[in-house]
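Every number for a ligand or one of its atoms is a count from 1 in the order of the listing. Values in this document were obtained by computation on a predicted structure and should not be read as measured data.
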Amino acid sequence: MNRIQGKYTFSMIKPDAVQANYIGAILSMIEKAGFSIDAITMLQLTPIVAEHFYAVHSDRPFYKALCAFIASAPVVAMVLQKKNAVADLRRLMGATNPTEAADGTIRKIFATSIDYNAIHGSDSDEAAALESSFFFPGRDLLLKKTSTI
Ligand code: CMP
């Protein structure tokens with residue numbers, strides 16, 4: 001494992017949670033769990049960008065609805081820093097389906113269904129790097145530079 005792996009993940013507060021005014025509460029849970037917000041932006045994805053972002057799910061039956069939903073209103077995209085960032089954020093988020101999410105997790109508290117599940121988090125270091133560079137172009141160059149300090 002190099003010095004970057006395991007330290008960063010990508011996360012996105014989804015349109016349902018943004019529309020419900022849960023941005024502050026979710027960011028507070030993330031920070032209280034020990035993550036530093038390394039980069040953050042609020043934007044609305046175009047349908048084409050949404051299709052690229054979720055391309056890994058293009059064969060799944062829910063792909064079209066997922067892309068339409070994620071492009072339906074603004075999202076908050078961010079890069080989070082912490083040891084074991086990918087695994088720790090997924091634990092904090094809870095199961096994809098909020099009915100299966102553990103008590104105290106973000107999805108248990110804020111999600112209303114598997115489709116409207118409040119937050120996305122990368123599922124691997126590789127996905128974290130790819131998804132971070134998708135929203136924050138040039139970011140891997142910045143990480144390489146800062147990691148040598
Ligand atoms: P996310 O972590 O953003 O990754 C893909 C999204 O697809 C997932 O959260 C869910 O919101 C959505 N989704 C809808 N149906 C399913 C399903 N059956 N399995 C996994 N993800 C699903």
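Within 4.0 Å of ligand 1, protein heavy atoms belong to Lys14, Tyr54, His57, Arg60, Phe62, Leu66, Thr96, Arg107, Ile114, Asp115, Asn117, His120, listed by chain and number.
Scored by the salt bridge (charged side-chain N to carboxylate O under 4.0 Å, His left out) test, Asp16 finds no partners at all (sequence neighbours excluded).
Using a 4.5 Å heavy-atom cutoff, the side chains of Met42 and Val18 are in contact. Residues Lys108 and Pro98 have side chains not in contact (no heavy-atom distance under 4.5 Å, counting atoms from C-beta outward). Counting only heavy atoms from C-beta outward, the side chains of Phe135 and Met78 never approach each other to under 4.5 Å.
Of the inter-residue distances, the one linking Lys64 atom NZ with Glu51 atom CD reads 7.5 Å to the nearest 0.5 angstrom.
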His120 vs Glu131, side-chain contact (heavy atoms from CB on, under 4.5 Å): CA-CA, chis, key distance, verdict: CA-CA 11 Å; His120 166 84; Glu131 293 172 359; 3.0 Å; yes
